[in-house]
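Reviewing the structure listed below.
Every chain is numbered from 1 and lettered A, B, ... according to where its sequence line falls, protein lines coming before strand lines.
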Amino acid sequence: MPHWLLKSEPDVFGYPDLERVGREPWNGVRNYQARNFLRQMAEGDLCLFYHSRSKTPGVAGVARITRAAHTDDLQFDPASAYFDPKSDPSQPRWSMVEVEAVRAFPAVLTLEAIRALPEWADSPLTRKGSRLSVLPVTPEQFGAALAAAGLALIN
DNA sequence: GCCAACGTTGGC
DNA sequence: GCCAACGTTGGC
């Protein structure tokens, strides 16, 4: 099963917010590479939920895909910050998925700690300058992150 | 098709 | 809040 990592700014929507709401549409992705990964996701896929632009950036918990990619309607809403006037309704440009909270990490697994894991040496997350907000995670990376957080594997 | 200018991301 | 790095846009 593929694994993923989703970035979110905790000041806007953090892992505790996901736990509070239960399920959340993952909309507003407006980057083609990230969108293409969203489109590869299947219901049941597990994700690391990452806090970016935080005082302590890192993984805050595990989430699960509860709905595969479908049209992100915000692209057609002129009042939305995610409105895209160039998107053709007969062939929508942007997709979203839906996620739910699975388990919070006991403490945020910091980017610094992730960089120390050999499994994560080659990842868009740890690559300098990379801003990709949706990215694939190998089973080894996923397992190493959980182990470093002190959690057993999740199925 | 090039590339400068721009807006955005995200660690620090 | 700063600013390096990036993706996108649009003039040419």
Query raised in the report: Rounded to whole angstrom units, what separation is found between the NZ atom of A:K7 and the C1' atom of B:dT9?
Result: 8 Å
Query raised in the report: CZ of A:F13: more than 12 outside heavy atoms within 6.0 angstrom?
Result: yes
Query raised in the report: With distance as the sole test, does A:T126 use its side chain to make a donor-acceptor pair with the main-chain N or O of A:W120 at under 3.5 Å?
Result: yes
Query raised in the report: Which nucleotide sits closest to the side chain of A:K86: B:dG11, C:dG7, C:dG10?
Result: C:dG10
Query - Rounded distance in Å - CG (A:L6) to P (B:dT9) - result: 16 Å
Report task. Consider the side chain of A:R131, meaning its heavy atoms from C-beta on, and name the nucleotide among B:dC12, C:dT9, C:dC6 that approaches it most closely. Result -> C:dC6
Query raised in the report: So, the side chain of A:T71 versus the backbone of A:D73: is there a donor-acceptor pair under 3.5 Å, distance only?
Result: no
Requested in this report: Take the protein atom CG of A:N31 and the nucleotide atom P of C:dT9, then report the distance between them rounded to whole Å.
Outcome: 11 Å
Report summary line: A:R115 has its side chain closest, among C:dG10, C:dC6, B:dG11, to B:dG11
Query raised in the report: According to a strict under-4.0 Å criterion, is A:Y50 in side-chain N/O contact with OP1 or OP2 of B:dG11?
Result: yes
Query - Interatomic distance, A:I114 CD1 vs B:dG11 C1' [rounded to whole Å] - result: 13 Å
Query raised in the report: In whole Å, what is the span from the CG atom of A:D84 to the C1' atom of C:dT9?
Result: 13 Å
**Report entry** Interatomic distance where CZ belongs to A:R93 and C1' belongs to C:dG7 [whole Å]
**Finding:** 13 Å
Report task. Could you check how far OH of A:Y32 sits from P of C:dC6, rounded to whole Å? Result -> 20 Å
Query raised in the report: What residue among A:S8, A:C47, A:S133 forms side-chain contact (heavy atoms from CB on, under 4.5 Å) with A:W26?
Result: A:S8
Report task. Establish, with yes or no, whether the OP1 or OP2 oxygen of C:dA5 is under 4.0 angstrom from a side-chain nitrogen or oxygen of A:K128. Result -> yes
**Report entry** OP1 or OP2 of C:dG1 under 4.0 Å from side-chain N/O of A:K55
**Finding:** no
Query raised in the report: Within this structure, what is the CZ-to-C1' distance between A:R127 and B:dG11, rounded to whole angstrom?
Result: 16 Å
Query raised in the report: Do A:W4 and A:F49 have ring centroids that are under 6.0 Å from one another?
Result: no
